[in-house]
Structure formats: structure tokens, C-alpha cells
Amino acid sequence: MTDDPFVTHRSLLFTVAYEMLGSAADAEDVVQETWLRWANADRAEVRNPRAYLVRIVTRQALNRLRTLAHRREEYVGEWLPEPLLTSPDVAEDAELAESVSIAMLTVLETLAPVERAVFVLREVFDVPYSEIAAALDKTPAAVRQIAHRARERVIARRPRIRVDRAEQQEVVDRFLAAVQTGDLQALLDVLAPDVVLVADGGGEVAAVRRPVAGRDRVAALLSRFRTLAPDAVVGTVWLNGAPAARIDLDGELDTAVTFVVEGGRITHIYAIRNPHKLDRLEEEVELSR
């Protein structure tokens with residue numbers, strides 16, 4: 001007996017939904033909705049199960065994305081995507097690792113829902129224009145125009161992430177050592193002049209409400225970490241396909257931190273503190289294209 005196509009492609013479907021939504025919880029809901037529709041489908045009429053399933057998950061994610069828009073407009077402070085615990089293997093697919101990075105997902109938030117769907121399906125998963133058109137009830141010509149527009153917007157905004165992972169690990173290690181010792185000069189040395197720190201507390205826990213920009217301001221803020229949280233345990237993990245950090249307080253996960261490294265220095269720091277977004281960081285998630 002052959003495997004059910006849904007089971008075979010489940011990690012792909014989750015990855016598509018996650019990249020469209022930036023939320024693991026919502027992506028799981030969409031995958032479950034896709035399963036219900038698959039279970040009721042006439043399999044004899046399905047010529048290409050993978051394309052059929054991707055079409056369903058895209059439509060469900062698009063519906064969910066539209067309903068989430070209002071909720072995110074009312075969000076307290078900066079909204080950041082929900083981080084995922086991933087294996088180092090994800091980094092071996094550079095394009096996949098870049099596409100699921102917190103930095104890229106944050107950029108995708110600036111796209112309209114249909115633009116985001118087209119960009120994800122075309123640029124990340126290389127879905128043919130004809131299949132994207134079928135999923136979105138548009139013509140292939142219209143999809144090509146949307147893809148071109150979305151690509152230009154992403155290129156204009158996305159940080160240059162592609163860096164040797166060993167180099168990124170080394171830079172992150174230097175940064176964490178400086179934070180734990182409160183060494184201001186070491187922080188200044190590892191941060192890019194125009195570094196930006198974004199924190200997401202969601203109104204649930206304390207976090208800076210607006211991005212902090214500039215090496216001096218970010219270093220001054222972070223140099224107080226050990227004084228403010230003397231018992232915090234800082235460790236390294238792999239989040240969203242790249243070396244990252246987790247901070248535990250009183251035995252509980254308190255903050256997940258991801259980075260963008262360029263030219264041997266950190267250009268972006270994303271600190272996710274909203275406890276509702278940290279629920280899934282104890283179990284590794286499988287991602288695939």
C-alpha cells in the first residue's frame with residue numbers, strides 16, 4: 001500500500017502555510033483544514049496530488065491571512081513571526097533557510113495577501129504560473145505581473161542573509177558572550193553601525209514597543225542585560241534554519257532571538273518574547289520544499 005499523498009507532503013504543506021502566515025499555530029490549523037478537504041475529495045479525479053494539496057493549502061492560508069490582518073493591526077507593539085525550532089539540516093538548502101528566516105517573514109508581512117501567496121509559491125517552491133493561477137482563480141498573465149511586483153518589493157526590503165553558517169555561528173557566539181558579560185566594547189565590535197533591534201512582547205510581557213536603531217543605542221540597551229536578569233540562562237539553538245539564541249528565566253523559556261549577519265557583524269536582531277509565540281520551541285519542526 002502506497003503512502004497517503006497528504007502524509008507524504010505534510011511537511012511541504014506546513015512550510016507553505018507557515019511562510020504565508022508567519023505563525024506555526026495558524027499554519028497547523030490550515031494544514032488540518034487541508035486534510036479535511038483532502039479526506040472528502042474524489043481521489044479518482046485528482047491527477048496530481050501534490051499540486052492539488054498545494055492549491056488547497058494556499059486557498060486556506062489566504063483565507064486565514066485575510067482574517068488575521070485586522071488582528072495584527074491592533075497588535076500591541078511590533079509584530080514578529082512565530083519562531084520555529086529547526087535542525088541544522090535546513091541550512092543546507094540556502095533558499096529554504098532564507099525564505100523561513102524571521103527577517104524574510106517580516107519582509108513578507110509588507111506584501112498584500114495575494115502578492116505574498118504568489119511570491120511564496122513561485123520564488124520558494126517554484127510552482128508553475130499555471131498552477132498558481134488555478135489556486136488563486138486568476139490568469140497566468142495576471143499571476144506573472146503579481147509575481148514581478150512582489151519580487152521587486154521583497155528585493156528592495158530584504159536583508160542580505162546569505163552568509164556562511166559557520167561564520168554566522170561565530171558572530172552569534174561573540175554577541176552572546178558580550179551580552180552575558182555586559183562588555184560594551186565587545187558589543188560595539190560585533191554590531192553593525194546601522195543595526196536594528198526589534199522586540200515582540202505582544203502586550204503580554206515587557207518589550208521595547210518600537211525598533212531601536214544604531215550601534216550605540218542597541219549596545220547600551222543590551223549591556224544592561226546581565227544586571228537586569230542576573231539569573232538568566234542563555235544558550236544557542238537553531239531557529240528558522242539559522243544559529244540563534246534562547247533565554248531561559250526560572251527554568252522557563254523567556255525569549256527567542258534571531259539575527260541577520262552581514263560582513264561579520266550583526267545588522268538585525270529580532271527578539272520574540274510574546275509567550276504565545278514560544279509554545280512550539282521545545283519540539284523540532286520539519287520543513288521541506
Side-chain angles (χ1 to χ4, degrees), residues 11-34 54 57-86 90 95-125 150-151 153-154 157-159 161 196-204 207 211 237-242 244 255-260 268-281 283-289:
S11 64
L12 163 69
L13 300 176
F14 174 83
T15 309
V16 171
Y18 175 70
E19 292 202 23
M20 285 185 61
L21 298 167
S23 162
D26 287 308
E28 283 288 1
D29 288 345
V30 163
V31 171
Q32 289 304 312
E33 290 164 4
T34 301
V54 168
V57 84
T58 298
R59 288 176 174 172
Q60 296 305 312
L62 204 49
N63 290 338
R64 182 65 62 98
L65 194 57
R66 287 165 175 152
T67 62
L68 289 175
H70 182 65
R71 191 194 309 171
R72 291 180 185 175
E73 287 174 2
E74 297 181 339
Y75 198 77
V76 178
E78 294 291 315
W79 186 94
L80 287 174
E82 188 178 331
L84 298 177
L85 182 65
T86 57
V90 173
E95 289 186 359
L96 176 62
E98 180 180 13
S99 72
V100 298
S101 69
I102 295 296
M104 176 60 84
L105 293 172
T106 302
V107 171
L108 294 183
E109 281 292 311
T110 66
L111 300 179
V114 171
E115 287 180 333
R116 184 167 184 169
V118 170
F119 181 86
V120 168
L121 293 175
R122 182 62 190 169
E123 297 298 316
V124 182
F125 299 97
R151 192 180 305 117
R153 291 183 178 179
V154 170
R157 293 180 174 91
R158 74 179 173 195
I161 299 171
V196 177
L197 182 152
V198 182
D200 177 349
E204 301 286 334
V237 291
W238 280 79
L239 298 179
N240 294 65
T255 309
V257 190
T258 70
F259 309 89
V260 177
H268 293 75
I269 302 170
Y270 301 98
I272 298 101
R273 303 204 64 224
N274 184 338
H276 300 301
K277 296 185 178 183
L278 303 177
D279 291 342
R280 296 168 180 268
L281 290 189
E283 186 175 344
E284 201 171 275
V285 175
E286 183 180 352
L287 301 174
S288 68
R289 285 204 291 169

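Positions are given from 1 along the sequence.
Of the possible donor and acceptor atoms, none in the side chain of E115 sits under 3.5 Å from a partner among the backbone N and O of A150. Not a single donor-acceptor pair under 3.5 Å links the side chain of K277 to the backbone N or O of D200. In this structure a side-chain-to-backbone donor-acceptor pair under 3.5 Å is present from N240 to L84. When atom types are taken as modelled, the side chain of Y270 and the backbone of V260 share no donor-acceptor pair closer than 3.5 angstrom.
The aromatic rings of Y75 and W79 sit perpendicular, their planes meeting at an angle over 60°, well past the 30° parallel limit.
S99 OG to F119 CZ: the interatomic distance, rounded to the nearest 0.5 Å, is 8.5 Å. Distance check, rounded to the nearest 0.5 Å: CD of E98 to CD of E123 gives 10.5 Å. With values rounded to the nearest 0.5 angstrom, L65 atom CG is found 10.0 Å from L111 atom CG. Separating the NE2 atom in H268 from the CD1 atom in I102 is a distance of 13.0 Å, to the nearest 0.5 Å. L105 CG to L80 CG: the interatomic distance, rounded to the nearest 0.5 Å, is 10.0 Å. Here the CD atom belonging to E82 is positioned 4.5 Å from the OG atom belonging to S23, to the nearest 0.5 angstrom.
No side-chain heavy atom of S101 sits less than 4.5 Å from a side-chain heavy atom of T258. Put simply, the side chain of R64 reaches to within 4.5 Å of the side chain of T67, judged on heavy atoms. A heavy-atom distance below 4.5 Å is found between the side chains of L85 and L239.
Closest approach of V54 to L12, counting heavy atoms only: CG2-CD2, 4.1 Å. When all heavy atoms are compared, the tightest approach of A199 to A207 is CB-CB, 4.0 Å. Between A61 and A17 the shortest heavy-atom distance is CB-CA, 4.5 Å. Of all heavy-atom pairs spanning V16 and L121, the tightest one is CG1-CD2, 4.1 Å. Listed here is the closest heavy atom pair of L278 and T255: CD1-N, 4.2 Å. Across all non-hydrogen atoms, the minimal contact from T15 to S288 is OG1-N, 3.1 Å.
For CD of E286, the number of neighbouring non-hydrogen atoms (other residues, nucleotides, ligands) closer than 6.0 Å is 12 at most. No more than 12 heavy atoms of other residues, nucleotides or ligands sit less than 6.0 Å from atom CD of E283.
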_Residue pair E284, V237: steps toward the side-chain contact (heavy atoms from CB on, under 4.5 Å) verdict_ = CA-CA 11 Å; E284 201 171 275; V237 291; over 6 Å; no
*Apply the test side-chain contact (heavy atoms from CB on, under 4.5 Å) to residues V114 and R66: give CA-CA distance (whole Å), side-chain angles for both, the deciding distance (0.1 Å), then the verdict.*
CA-CA 10 Å; V114 171; R66 287 165 175 152; 3.5 Å; yes
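Residues that satisfy the salt bridge (Lys or Arg N to Asp or Glu O under 4.0 Å) test with E204, not counting sequence neighbours, are absent from this structure.
Among R72, R153, R157, the single residue meeting the salt bridge (charged side-chain N to carboxylate O under 4.0 Å, His left out) criterion with E109 is R72. Among T34, V57, V31, the one residue that satisfies the side-chain contact (heavy atoms from CB on, under 4.5 Å) test with F14 is V31.
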